[in-house]
Participant: 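Could you have a look at this structure, given as structure tokens, before my questions?
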Amino acid sequence: MSGLLIRDVTVGDRPGRAVHVVDGRIAWLGAAADAPTAARVLDGGGALLTPAFVDAHVHATATGLALTGLDLHGADSLRSALTGVTAQTTAAPTGTVLGTGWDETAWPEGRGLTRHDLDAVVGERPAYLARVDVHSATVSTALLDRVPGITELPGYSPDGRLRLDAHHAARQAAYGSVPADQRRSAQRATLDAAAALGIGSVHEMAGPEVSSAEDLAGLLALAAEAPGPRVVGYWGELSERGGLDVVRELRLAGAGGDLFCDGAFGSHTAALSSPYADRPETTGALRFDTAALVEHVRACTVAGLQAGFHCIGDAAVDQVLAAVGAVVDELGRDAVRACRHRLEHVEMVGDAAIDQLRRWGMVASVQPAFDAAWGGPAGMYAERLGVERAAGCNPLADLVDAGVAVAIGSDAPVTPLDPWGGVHAAVDHTTPGSGMRPFDAFDAATHGGWVATRAEHPEGPLAVGAPADLALWATELTLSAVLAARARPTCRQLIVAGEPC
């Protein structure tokens with residue numbers, strides 16, 4: 001006898017099934033009555049067994065700091081946000097005050113936080129409070145004083161509301177002050193939360209403007225210590241700045257992820273081809289020259305590595321695809337397709353761009369929860385872009401129908417770790433006709449994450465030989481019924497590489 005037998009489960013829509021796992025992979029599956037013997041047996045009691053979820057875009061340390069500290073997603077006013085900051089400074093009376101998640105678009109005061117608001121609460125302590133999209137933040141005077149030259153950087157504002165390069169510099173200073181034990185505790189909190197939600201893998205989108213190589217190395221080591229969610233690491237730094245060296249040193253999945261080609265709609269920093277509706281003096285900002293992106297894609301393609309880019313606005317998407325197209329012309333389409341380069345978020349993407357994604361074998365790493373939070377004719381997207389342009393954002397059905405590989409993530413802490421919520425948001429898109437079919441959405445949230453890392457099993461996630469990353473759900477419903485009911489069953493047991501977590 002060997003391995004683990006999971007018996008009496010519903011697999012997909014078929015009850016009375018069993019799965020035998022040996023050496024971390026599925027060795028057999030079929031009717032429970034015909035199951036082989038095994039050293040260990042897990043009785044499913046008729047519950048639903050599925051592939052484990054893969055969250056294809058996560059920032060583990062920042063997510064964990066929100067889970068264990070100051071999370072302002074629920075603040076419905078400037079006053080309530082400051083109440084939260086006050087409570088946090090009392091609970092943790094020393095160190096940098098870190099928070100994330102505030103969103104001023106519906107606040108009755110009609111404005112966001114300023115450094116003067118913060119200074120009145122935190123006094124002489126450094127404080128960094130990221131806006132919900134994490135592409136701008138409000139910081140205290142004490143934190144500004146820690147960043148030499150910040151007043152000269154693009155995106156600096158005397159009121160402490162920072163965007164662009166000034167924001168990145170302040171974020172580096174703020175998170176760089178977090179001690180190693182606090183980072184480790186935050187990472188542990190994220191992995192534990194993911195396991196409880198049936199997430200078997202997270203794609204960590206690290207980079208010099210998000211965290212640090214030390215932070216990423218620590219996360220990878222932590223994940224390897226005990227059974228739990230896998231961590232697939234990415235490093236978002238251009239090749240000309242040494243990004244590929246970090247990828248090789250840490251044996252990462254790719255040189256990309258949050259390699260910021262632009263920002264976000266909420267902070268007016270996503271790069272658009274025409275001005276913002278509510279701020280017509282700006283079109284956002286592209287952060288790199290196209291030549292630098294061409295060099296990055298070229299270097300990754302020659303090395304057989306996966307490149308990736310954060311691009312939200314249509315101007316950023318077009319710039320990245322122009323860079324990829326230049327490398328296709330130079331090295332050939334097959335060489336580019338073999339690398340399966342990724343685009344993160346890719347929210348404003350038209351038919352021509354979708355066709356390029358398909359022809360060049362690229363991955364669309366998307367966050368349906370963004371649409372659920374900010375889409376619709378009365379949502380933040382419509383305020384920033386106008387109703388017509390907003391309705392075209394996140395065309396998930398078009399991507400799937402065109403044959404583009406799609407993976408679903410949360411971008412936590414921007415939106416919470418919530419895999420079932422992401423699936424249901426992908427189906428119930430705020431724009432009619434843009435939502436995914438239920439099984440397509442579930443596949444993108446599970447198998448799609450493996451496809452995105454070029455590690456999929458050719459016969460699918462529930463086939464003999466596939467990695468045994470599975471989730472057992474406390475429900476008697478079939479998968480079709482869960483999807484139809486928009487249910488969010490509780491994870492009874494996560495299994496990663498054949499090991500219960």
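Quantities reported herein were computed from a predicted structural model and do not represent experimental measurements. Computed from heavy atoms alone, side chains included, the values below leave out hydrogens, waters and symmetry copies.
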Participant: Before accepting this row, confirm whether a basic side-chain N of the pair Asp401/Arg437 lies closer than 4.0 Å to the acidic partner's carboxylate O.
Facilitator: yes
Participant: So, do Asp55 and Leu417 sit near enough that their side-chain heavy atoms are less than 4.5 Å apart?
Facilitator: yes
Participant: Distance from Asp440 atom CG to Leu396 atom CG, nearest 0.5 Å?
Facilitator: 10.5 Å
Participant: State whether Arg188 and Glu225 are salt-bridged, where the test is any N-O pair (Lys NZ or Arg NE/NH1/NH2 against Asp/Glu carboxylate O) under 4.0 Å.
Facilitator: no
Participant: Say whether, by atom type as modelled, one donor and one acceptor occur between the side chain of Ser239 and the main chain of Ala299 under 3.5 angstrom.
Facilitator: no
Participant: What's the shortest heavy-atom distance between Leu48 and Gly12, and which atoms?
Facilitator: CD1-O, 3.6 Å
Participant: Is it true that, when you exclude Arg486 itself, more than 12 heavy atoms of the residues, nucleotides or ligands shown sit nearer than 6.0 Å to its CZ?
Facilitator: yes
Participant: Walk me through whether Asp103 and His73 qualify under side chain to side chain donor-acceptor pair (under 3.5 Å).
Facilitator: CA-CA 7 Å; Asp103 183 354; His73 283 85; over 6 Å; no
Participant: Does any part of the side chain of Thr269, heavy atoms only, come nearer than 4.5 Å to the side chain of Ser136, both counted from C-beta?
Facilitator: no
Participant: By the ring pair (Phe, Tyr, Trp, His ring centres under 6.0 Å) test, which pairs, at least two apart or in different chains, include something from residues 443-464?
Facilitator: none
Participant: Going from CG on Asp398 to OG on Ser434, what distance comes out if it is rounded to the nearest 0.5 angstrom?
Facilitator: 6.0 Å
Participant: With side chains defined as the heavy atoms from C-beta onward, is the minimum distance between Val231 and Val58 less than 4.5 Å?
Facilitator: no
Participant: Does atom CG of Asp351 have more than 12 heavy-atom neighbours from other groups under 6.0 Å away?
Facilitator: no
Participant: Salt bridge or not for Arg337 and Asp334, using N-O below 4.0 Å?
Facilitator: no
Participant: Take His167 and Ser267, measure what side chain to side chain donor-acceptor pair (under 3.5 Å) needs, and give me the verdict at the end.
Facilitator: CA-CA 11 Å; His167 170 237; Ser267 295; over 6 Å; no
Participant: Between CG of Asp318 and CD of Gln356, what distance do you get to the nearest 0.5 Å?
Facilitator: 8.0 Å
Participant: Could you tell me whether a side-chain N or O of Arg298 sits under 3.5 Å from a main-chain N or O of Ala323, the two making a donor and an acceptor?
Facilitator: no
Participant: Please determine whether side-chain contact (heavy atoms from CB on, under 4.5 Å) holds for the pair Val21 and Trp28, giving the CA-CA distance in whole Å, both sets of side-chain angles, and the decisive distance to 0.1 Å.
Facilitator: CA-CA 7 Å; Val21 176; Trp28 177 93; over 6 Å; no
Participant: What are the two closest heavy atoms between Val147 and Ala170, and how far apart are they?
Facilitator: CG2-CA, 4.4 Å
Participant: Report yes or no: does Thr190 contribute a side-chain atom to a donor-acceptor pair with the main-chain N or O of Gly64 at less than 3.5 Å?
Facilitator: yes
Participant: Check Arg131 with Asp133, please: is the shortest side-chain N to carboxylate O separation under 4.0 Å?
Facilitator: yes
Participant: Is it true that a side-chain atom of Thr61 and a backbone atom of Arg183 form a donor plus acceptor pair closer than 3.5 Å?
Facilitator: no
Participant: Do you know the tightest heavy-atom contact between Asp355 and Arg358?
Facilitator: OD1-NH2, 2.6 Å
Participant: Applying salt bridge (charged side-chain N to carboxylate O under 4.0 Å, His left out) to Asp314 and Arg389, what does each step give before you reach the verdict?
Facilitator: CA-CA 11 Å; Asp314 58 341; Arg389 273 194 298 179; 5.8 Å; no
Participant: Looking just at side-chain N and O atoms, do His59 and Asp258 make a donor-acceptor pair shorter than 3.5 Å?
Facilitator: yes
Participant: Search all heavy atoms of His341 against all heavy atoms of Cys300 and return the closest pair with its distance.
Facilitator: CE1-CB, 4.3 Å
Participant: Check step by step if side-chain contact (heavy atoms from CB on, under 4.5 Å) holds for Leu4 and His20.
Facilitator: CA-CA 6 Å; Leu4 170 69; His20 186 216; over 6 Å; no
Participant: Taking side chain as C-beta onward, heavy atoms only, is Tyr156 less than 4.5 Å from Leu164?
Facilitator: no
Participant: Does the Arg184 side chain pair with the main chain of Leu219, one donor and one acceptor, at a distance under 3.5 Å?
Facilitator: no
Participant: Between the main-chain N or O of Val210 and the side-chain N or O of His168, is there a donor-acceptor pair closer than 3.5 Å?
Facilitator: no
Participant: Is a side-chain donor-acceptor pair under 3.5 Å present for Gln187 with Asp215?
Facilitator: yes
Participant: Quick one: does Leu462's side chain get under 4.5 Å of Pro51's, heavy atoms only?
Facilitator: yes
Participant: Minimum heavy-atom separation for Gly498 and Pro500, please, with both atom names.
Facilitator: O-CD, 3.7 Å
Participant: Using side-chain contact (heavy atoms from CB on, under 4.5 Å), reason through Trp374 and Phe265 one step at a time and then give a plain yes or no.
Facilitator: CA-CA 10 Å; Trp374 302 305; Phe265 296 134; over 6 Å; no
Participant: Do Leu197 and Asp418 touch side chain to side chain, with heavy atoms closer than 4.5 Å?
Facilitator: no
Participant: Within the side chain of Gln493, is there an N or O that forms a donor-acceptor pair under 3.5 Å with the backbone of Cys501?
Facilitator: yes
Participant: Got a donor-acceptor contact below 3.5 angstrom from the His296 side chain to the Gly256 backbone?
Facilitator: no
Participant: Could you tell me whether a side-chain N or O of Arg384 sits under 3.5 Å from a main-chain N or O of Gly266, the two making a donor and an acceptor?
Facilitator: yes
Participant: Any chance you could lay out the side-chain contact (heavy atoms from CB on, under 4.5 Å) test for Met362 and Arg340, step after step, and finish with the verdict?
Facilitator: CA-CA 5 Å; Met362 300 180 71; Arg340 207 173 291 175; over 6 Å; no
Participant: With no hydrogens and no angle check, just 3.5 Å: does a side-chain donor-acceptor pair link Glu281 and Tyr276?
Facilitator: no
Participant: How many angstroms lie between atom CD of Glu204 and atom OG of Ser211, to the nearest 0.5 angstrom?
Facilitator: 6.0 Å
Participant: Examine the side chains of Tyr234 and Arg342 and answer whether a donor and an acceptor come within less than 3.5 Å of each other.
Facilitator: yes
Participant: Can you tell me if CD on Glu240 sees more than 12 non-hydrogen neighbours from other groups inside 6.0 Å?
Facilitator: yes
Participant: As an exercise, state the distance from CG of Leu272 to OG1 of Thr282, rounded to the nearest 0.5 Å.
Facilitator: 8.0 Å
Participant: Just by modelled atom types, is the Ala481 backbone N or O under 3.5 Å from a matching donor or acceptor in the Thr478 side chain?
Facilitator: yes
Participant: Answer with yes or no whether the side chains of Gln367 and Asp411 bring together a donor and an acceptor at under 3.5 Å.
Facilitator: no
Participant: Please give me the minimum heavy-atom distance between Leu220 and Gly233, naming the atom from each residue.
Facilitator: CD2-N, 4.5 Å
Participant: Decide salt bridge (charged side-chain N to carboxylate O under 4.0 Å, His left out) for Arg287 and Asp262; before the verdict, give the C-alpha distance in whole Å, the side-chain angles of both, and the deciding distance to 0.1 Å.
Facilitator: CA-CA 6 Å; Arg287 300 199 61 241; Asp262 70 343; over 6 Å; no
Participant: Only one of His310, His203, His345 clears ring-ring contact (aromatic ring centres under 6.0 Å, His included) with His57; which?
Facilitator: His345
Participant: So, for Tyr128 and Trp102, is the gap between ring centers shorter than 6.0 Å?
Facilitator: no
Participant: Would a line drawn from the ring center of Phe309 to the ring center of Phe288 be shorter than 6.0 Å?
Facilitator: no
Participant: Is there side-chain contact between Trp235 and Pro208, with heavy atoms separated by less than 4.5 Å?
Facilitator: yes
Participant: A side-chain contact here means heavy atoms from C-beta on lying under 4.5 Å apart; do Leu293 and Gln319 qualify?
Facilitator: yes
Participant: Between Arg171 and Glu209, is there a salt bridge with N-O shorter than 4.0 Å?
Facilitator: no
